[in-house]
Engineer: 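Mind looking over this structure? Questions follow.
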Amino acid sequence: MCGMTCCTKNTLQQLSWKLSSQILCQDVVLHTKIRVPRKRSSSLEVAAIDAAQSFDYESLRMEELQSGNKLKIGIVGFGNFGQFLAQRMISQGHKVLAYSRTDYKDVAHTMGVPFFSDADDFCEEHPEVVLLCTSILSTEDVLKLLPVQRLKRNTLFVDVLSVKEFPKKLFLQVLPQEFDVLCTHPMFGPESGKSSWVGLPFVYDKVRIGGGSRLERCDKFLNIFGSEGCRMVEMSCAEHDRYAAGSQFITHTVGRVLGKLALESTPINTKGYETLLGLVENTKGDSFELYYGLFMYNQRATEELERLELAFDSIKKQLFGRLHDVLRQQLFEGVGMKDGKSLPNIVEDAAHKSTDFAKAASNVVAHSKATTNRSSKRSGDDNGSS
Ligand code: NAP
């Protein structure tokens, strides 16, 4: 029995020595310390490798990344925003890989990012962090089609959607319990964050993060933004959506409305006007899909749109109310206008133009005329003091 054990031990030692010497004799270096054979030796057959071996490149690479504070991040949705984030992550030394519906092989290649058109292949790369950069509208479908069973069970899932309650609920509903969940929103985009991220807000909610190394990994991910100088704001997804409807959705809406006016720079731009031009510039690069997502997936957006409409109407009323007062004054006190034109004439001229304002002005004129007729009928009796 003992002899048998010793014999087996010796054979194993010999095999192990043979293996190491073969490994060390080869010239392919994949890692700073490990040499891996270019071809499998025909004399050596390893039937099964369940435990991590000395030439298990993936485990070693992962160890190296972890020990060096670097992460292996798999981006799902390599569009405008996905590429923008990838660039900064790569510059910090993280390993980034990407998967997207559209073929981004060429652009990924120039960035040094391995690109996968196949979700299975992507997941089998075992990224430690899966970062969802898909459009708000497509996220549910994309997530449900992702073969998450091919990922490691302790994978950290992160999203960057511009709405937060929706992905939080989706992640908790769809992802296995073992996965960590971090919901984030970088409150800037490729335009506003093209040079520096210093002072730009980054909102996050650690929805479900385990302890120990899992927490460390989450903090490492957050540090990608913290180390760039972002203003890190921890808040609940619900709180984010409440603030964002009143700020971000309004900003995008006003930017899009102004964009429709095709504003042009003039030689006499005021600072205020420059700000408006800047707003148009900032929002015009964002897809309508993104804007629609902000509207559809934030319950407060409709309310904000209505408030904006009411505010606009109230300003118009204020303007035309004042105009009405002036008209009345002119009609009843006979105040003349410059260039021989009376105020009703001017407004009537404008009314021929087909803008809403002119139409409203036309209504004011019609209303004034009706008032005048009634007044002149009565003026013989009561001096028109209506
Ligand atoms: P987007 O239009 O919101 O999203 C584009 C991405 O969604 C692309 O990667 C696209 O994949 C993917 N996609 C769209 N429809 C799809 C579908 N049916 N199936 C699979 N994938 C689909 O534009 P974005 O600016 O890149 O934004 C991405 C995410 O980042 C959004 O959730 C947005 O809210 C968030 N975000 C954006 C900004 C910003 O300033 N842009 C800032 C903060 C957060 P393909 O390209 O492969 O087609």
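Remember, it's 1-based here, ligands and their atoms both numbered in the order they're listed.
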Engineer: Quick test: of every protein heavy atom, which one is nearest to atom 22 (C) of ligand 1, and how far off is it to 0.1 Å?
Structural biologist: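 Nearest neighbour among protein heavy atoms for atom 22 (C) of ligand 1, to 0.1 Å: S138 OG, 3.3 Å.
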Engineer: Out of curiosity, is P190 lining ligand 1, as in a heavy atom under 4.0 Å away?
Structural biologist: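 P190: in contact with ligand 1 (<4.0 Å).
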Engineer: Assess whether atom CZ of R307 is packed by more than 12 heavy atoms of other residues, nucleotides or ligands within 6.0 Å.
Structural biologist: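 Not buried by this count: 12 neighbours or fewer within 6.0 Å.
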Engineer: Counting from 1, what ligand 1 atoms have a heavy atom of T102 closer than 4.0 Å?
Structural biologist: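 Atoms satisfying the 4.0 Å criterion: 45 (P), 46 (O), 47 (O), 48 (O).
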Engineer: Name the closest protein heavy atom to atom 9 (O) of ligand 1, giving the residue it belongs to and the distance to 0.1 Å.
Structural biologist: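 Among all protein heavy atoms, the one nearest atom 9 (O) of ligand 1 is G79 N, 3.0 Å.
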Engineer: Provide, to 0.1 Å, the distance between atom 36 (N) of ligand 1 and the closest protein heavy atom, together with that atom's residue and name.
Structural biologist: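 Going by distance alone, atom 36 (N) of ligand 1 is nearest to S162 OG, 3.5 Å.
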Engineer: Could you list the atoms of ligand 1 found under 4.0 angstrom from a heavy atom of C133?
Structural biologist: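 The list of qualifying atoms is 6 (C), 28 (C), 29 (C).
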Engineer: Which atoms of ligand 1 are found less than 4.0 Å from any heavy atom of I136?
Structural biologist: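 Listed by number with element: 32 (O), 34 (O).
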Engineer: Is any NZ, NE, NH1 or NH2 atom of the basic residue among D159 and K168 found under 4.0 Å from an Asp or Glu carboxylate oxygen of the other?
Structural biologist: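 The answer is no: the pair does not qualify as a salt bridge.
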Engineer: Kindly confirm or rule out an N or O of P186 lying under 3.5 angstrom from an N or O of ligand 1.
Structural biologist: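 Not met; the criterion fails.
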Engineer: Among all the protein's non-hydrogen atoms, which is closest to atom 46 (O) of ligand 1, and how far away is it?
Structural biologist: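 For this ligand atom, the closest protein heavy atom is Y104 OH, 2.4 Å.
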Engineer: Under 3.5 Å between any N/O of S100 and any N/O of ligand 1: does that happen in this structure?
Structural biologist: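 S100 vs ligand 1: N/O contact under 3.5 Å present.
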Engineer: Have a look at H240 and tell me which of H185, K164, E165 forms a side-chain hydrogen bond (donor to acceptor under 3.5 Å, both in side chains) with it.
Structural biologist: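 Exactly one candidate clears the test, H185.
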Engineer: Of the side chain and backbone of M187, name the one, both, or neither that has a heavy atom under 4.0 Å from an atom of ligand 1.
Structural biologist: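 Neither part.
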Engineer: Can you confirm whether more than 12 heavy atoms, excluding those of D106, are under 6.0 Å from its CG atom?
Structural biologist: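 No, the 6.0 Å shell around CG holds no more than 12 heavy atoms from other groups.
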Engineer: Please check if atom CD in E178 has more than 12 non-hydrogen atoms from other residues, nucleotides or ligands closer than 6.0 Å.
Structural biologist: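 Yes, because the 6.0 Å sphere around CD of E178 holds more than 12 heavy atoms from other groups.
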Engineer: Please say whether more than 12 non-hydrogen atoms of neighbouring residues, nucleotides or ligands are located less than 6.0 Å from CD in E264.
Structural biologist: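 Count not over threshold, so no.
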Engineer: At a 4.0 Å threshold, what atoms of ligand 1 neighbour a non-hydrogen atom of G77?
Structural biologist: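 So the atoms of ligand 1 that pass are 9 (O).
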Engineer: Can you tell me which residue and heavy atom of the protein come closest to atom 18 (N) of ligand 1, and the distance to 0.1 Å?
Structural biologist: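 That would be R101 NH1, 3.2 Å.
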Engineer: Examine F81 against ligand 1 and note whether any of their N/O atoms are separated by less than 3.5 Å.
Structural biologist: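 By distance alone, the answer is yes.
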Engineer: Indicate yes or no: does K206 engage D219 in a salt bridge with an N to O separation below 4.0 Å.
Structural biologist: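 Salt bridge present between K206 and D219.
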Engineer: Given S117, A98, S135, which one has a non-hydrogen atom that is nearest to atom 6 (C) of ligand 1?
Structural biologist: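 Closest candidate by heavy-atom distance is S135.
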Engineer: Give me the residue, atom name and distance of the protein heavy atom closest to atom 44 (C) of ligand 1.
Structural biologist: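 Residue, atom and distance for the closest contact: V160 O, 3.1 Å.
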Engineer: Looking at V142, which atoms of ligand 1 are within less than 4.0 Å of one of its heavy atoms?
Structural biologist: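 In order of numbering, the contacting atoms are 19 (N), 20 (C), 21 (N).
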Engineer: Apply ring-ring contact (aromatic ring centres under 6.0 Å, His included) to Y297 and F166, showing your working.
Structural biologist: CA-CA 7 Å; Y297 286 83; F166 163 66; 4.3 Å; yes
Engineer: Report yes or no: does E191 have a heavy atom closer than 4.0 Å to ligand 1?
Structural biologist: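 Heavy atoms of E191 never come under 4.0 Å of ligand 1.
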Engineer: How close does the nearest protein non-hydrogen atom get to atom 1 (P) of ligand 1, and which residue and atom is it?
Structural biologist: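 Its nearest protein heavy-atom neighbour is S287 OG, 3.6 Å.
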Engineer: Report, as yes or no, whether the 6.0 Å neighbourhood of atom OH on Y273 holds more than 12 heavy atoms from other residues, nucleotides or ligands.
Structural biologist: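 More than 12 within 6.0 Å, yes.
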Engineer: Between L156 and L175, is there a shared hydrophobic cluster once you connect ILVMFWY residues whose side-chain heavy atoms come closer than 4.5 Å?
Structural biologist: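 Different clusters.
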Engineer: What's the shortest distance from atom 32 (O) of ligand 1 to any protein heavy atom, and which residue and atom give it?
Structural biologist: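 The answer is T134 O, 2.7 Å.
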Engineer: Please report whether the ring centroid of Y99 lies less than 6.0 Å from that of F116.
Structural biologist: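 No - the distance between ring centres of F116 and Y99 does not fall below the 6.0 Å cut-off.
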Engineer: Show me which atoms of ligand 1 lie under 4.0 Å from any heavy atom of N80.
Structural biologist: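 What qualifies from ligand 1 is 25 (O), 26 (O).
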Engineer: Does K72 pair with E128 as a salt bridge, N-O distance under 4.0 Å?
Structural biologist: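 Salt bridge absent between K72 and E128.
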Engineer: Classify the ring geometry between F295 and Y292 as parallel (under 30°), tilted (30 to 60°) or perpendicular (over 60°).
Structural biologist: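 Aromatic pair F295/Y292 classed tilted.
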Engineer: Side chain, backbone, both or neither: which part of D286 comes within less than 4.0 Å of ligand 1 when only heavy atoms are counted?
Structural biologist: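 The answer is the side chain of D286.
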Engineer: Contact between F84 and ligand 1, counting heavy atoms under 4.0 Å?
Structural biologist: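 For ligand 1, residue contact (heavy atoms, under 4.0 Å) with F84 is absent.
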Engineer: Centroid separation under 6.0 Å, is that true for the rings of Y204 and F225?
Structural biologist: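 Between Y204 and F225, which both carry aromatic rings, the centre distance is not below 6.0 Å.
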